[in-house]
Amino acid sequence: MILKADPDKILRFISENFELVRALYLAQLAGNVISREQFNALTRHTGDISINRLFEYKLLTEQYDDIRLNEPVRAFLAFLISEFRPLLPSELEKYRTSFSQLFNAIRECPEGEQPILLEQLETLYDEVQRFLENVENNTGQLLRETQQLKANKDKMEYGERIRRARHLIEYYIAPLNSILNLQHSESIASLLGELSAYANRERLGHSYQQARDRFGQLHELLRGGNDRILRQSRILSRELLPLIERLQTESEILSGWIFFLERPFRHKVPSFTTRSYRNFFGSSTGANLALFLEQFEQRAEVVLLQEEEITAVDRHEVIFDRQLYVGSLEQHLPVEDFFGWCRERLYQNEQLPSTERFLKICSIVFEDSEQYEAEFTGQRIAIELEDFIFQVPEVRVSLKQGK
Amino acid sequence: MYPEYHREITESLLMDARFLVEGEPEFTCLREHLDFYQQFFKASFGLSLLCQSDYAFLQSARDNDTLSRDICIFLGVLCYEMDREGKNIMEELGFSTFAYEDVERLLELSSFREVLEATKSLRDSSSRRNFYHLLARRRLIDKIDDEVFRFTPGHKYFLEFARGVAQMKGGEEEE
């Protein structure tokens, strides 16, 4: 009991010294207790009277050498400042025990014991209320911590970020999720569902009026509570878990890159893909191909040389005397079988009768086609030479009319 | 007897050595005949086919691949710089487009400049231009136009590599 002041005076004191009170609260939040040195540092500019009042008004208590905020004051400040330490899920688990014990007591309460029933209902109501508030504060706090971690305001190392994220998932978020999971029969949320169904029946069916009212209140709270739990569970599964998992993955990727970039040319790298031709061409394909082409180049040169030799020999020996044949043809015109005539001339005039020479003789008519007229009989005859047999048409050649 | 896109699949994976990624009909076809292709590439060429939910490629037997190293350096520096600018790297790489100009600026000012300068294909902006062409041919990026590109799902292969490095390191430290 606070002997030395009225409640409103204490509130005024808190309000006047709020910055100090807030600093004390945050110090306790960070270190669980406020050490004497911390306290001295924080109250360096505070007058002795105020320091004494902190204790006189029972805002602070001394524990051996450390100092703590009185629990109701701490809770009140937590509510005001809205910054908490996230509750370990086991702190929430205790509600399961109190809920089920109270629930059993209420169900088994003998007829005629109304006063205790009403008290139990009241306690249960308070417990549920506290549980819901704690859950909401907890998700809010976890979300804030995760977002801070994401923004990395503290410039934390990636490795530290991963550890912190893993810690939050493993010890806070995942267990909280299972407490709030309505699908899970063992979860506190489903126990509250059971409670709500029971309260719903009793608020209509209980024989005692006041108990019916209390059951009604409890049912209302639980019905709203269900929505609140759903909302928190949705924040967890839709926002918090993906956020923190991504944060963890991302930090892992980044710290991996940093390890890699510390010695980028010596670190092993993932095996990637390479373009592959080896299955279609061997390593010696290029050399083989060059060799292959080379042989064609040489052969072409040889052929060229031979041709030159042959024509040279021919030219030296006999020159084709075109005029001789033209004259001879004009004497014999009209010629009934032109190609036969050509063959006859060939063997008469040439020392070395050849196919080439034969064709040359034939050509005199076609080269001067303006002078001669050719009539095709439609027959074919065979002209036999040294190494060829020509199947040629039978042609009658005469001088063109009018020449 | 062969799947519909057999020729395209073989050409892309084997001869072009590029990623097949989700959205390409060849990729869908490959996934539908995954067992066949795994056997096919193993039996015919001795190569293993790596196929994830949204990308696939043929793993070469080489474990010291210059291109792979260059990509790791490029992505590593890019991720680091993006994180420094407060961006969500996975979201950016997965869904955003990148202007060459912005990437160039990040690399130019990077604290890993020394590493970039020691890497032949990332040394300066003209080398990097060739490098981007190469990445596009290997289908690690899609060119949207002359100024902008986007990463294909293939980049995840390299992010997984980085994650593996961190996890391995983490494991070593815990031991």
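Every chain is numbered from 1, with letters handed out A, B, ... down the list of sequences.
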For this session: Determine the interplanar angle of the B:Tyr2 and B:Phe36 rings, folded into 0 to 90°, and report it as parallel if under 30°, tilted if 30 to 60°, perpendicular if over 60°.
Result: tilted

Problem set entry | Proximity breakdown for B:Phe158 and chain A, heavy-atom pairs closer than 4.5 Å | both

Problem set entry | Sub-6.0 Å ring centroid separation between A:Phe259 and A:His267 | no

Exercise. Given a strict heavy-atom distance threshold of 4.5 Å, which part of A:Ile258 is in contact with chain B: side chain, backbone, both, or neither?
Worked result: side chain

Problem set entry | A:Thr249, part contacting chain B, at a heavy-atom distance under 4.5 Å | both

Problem set entry | Under 4.5 Å from any heavy atom of chain A - which part of B:Phe57 | side chain

Exercise. Checking heavy atoms, do the side chain of B:Gln167, its backbone, both or neither come under 4.5 Å from chain A?
Worked result: side chain

Problem set entry | Which atoms of B:Leu67 approach chain A - backbone, side chain, both or neither, heavy atom under 4.5 Å | side chain

Exercise. So which of B:Ile71, B:Val77, B:Leu75 has the biggest tally of heavy-atom pairs under 4.5 Å with chain A?
Worked result: B:Leu75

Exercise. When heavy-atom pairs shorter than 4.5 Å are enumerated against chain A, which of B:Gln59, B:Met90, B:Glu91 gives the highest number?
Worked result: B:Met90

Problem set entry | Heavy-atom pair of closest approach, residues B:Asp54 and B:Pro153 | O-CB, 3.4 Å

Exercise. Is a side-chain donor-acceptor pair under 3.5 Å present for B:His155 with B:Tyr55?
Worked result: no

For this session: Report yes or no: do A:Arg144 and A:Gln141 form a side-chain donor-acceptor pair below 3.5 Å?
Result: yes

Exercise. Would you say the side-chain atoms of A:Asn134 and A:Tyr95 include a donor-acceptor pair closer than 3.5 Å?
Worked result: yes

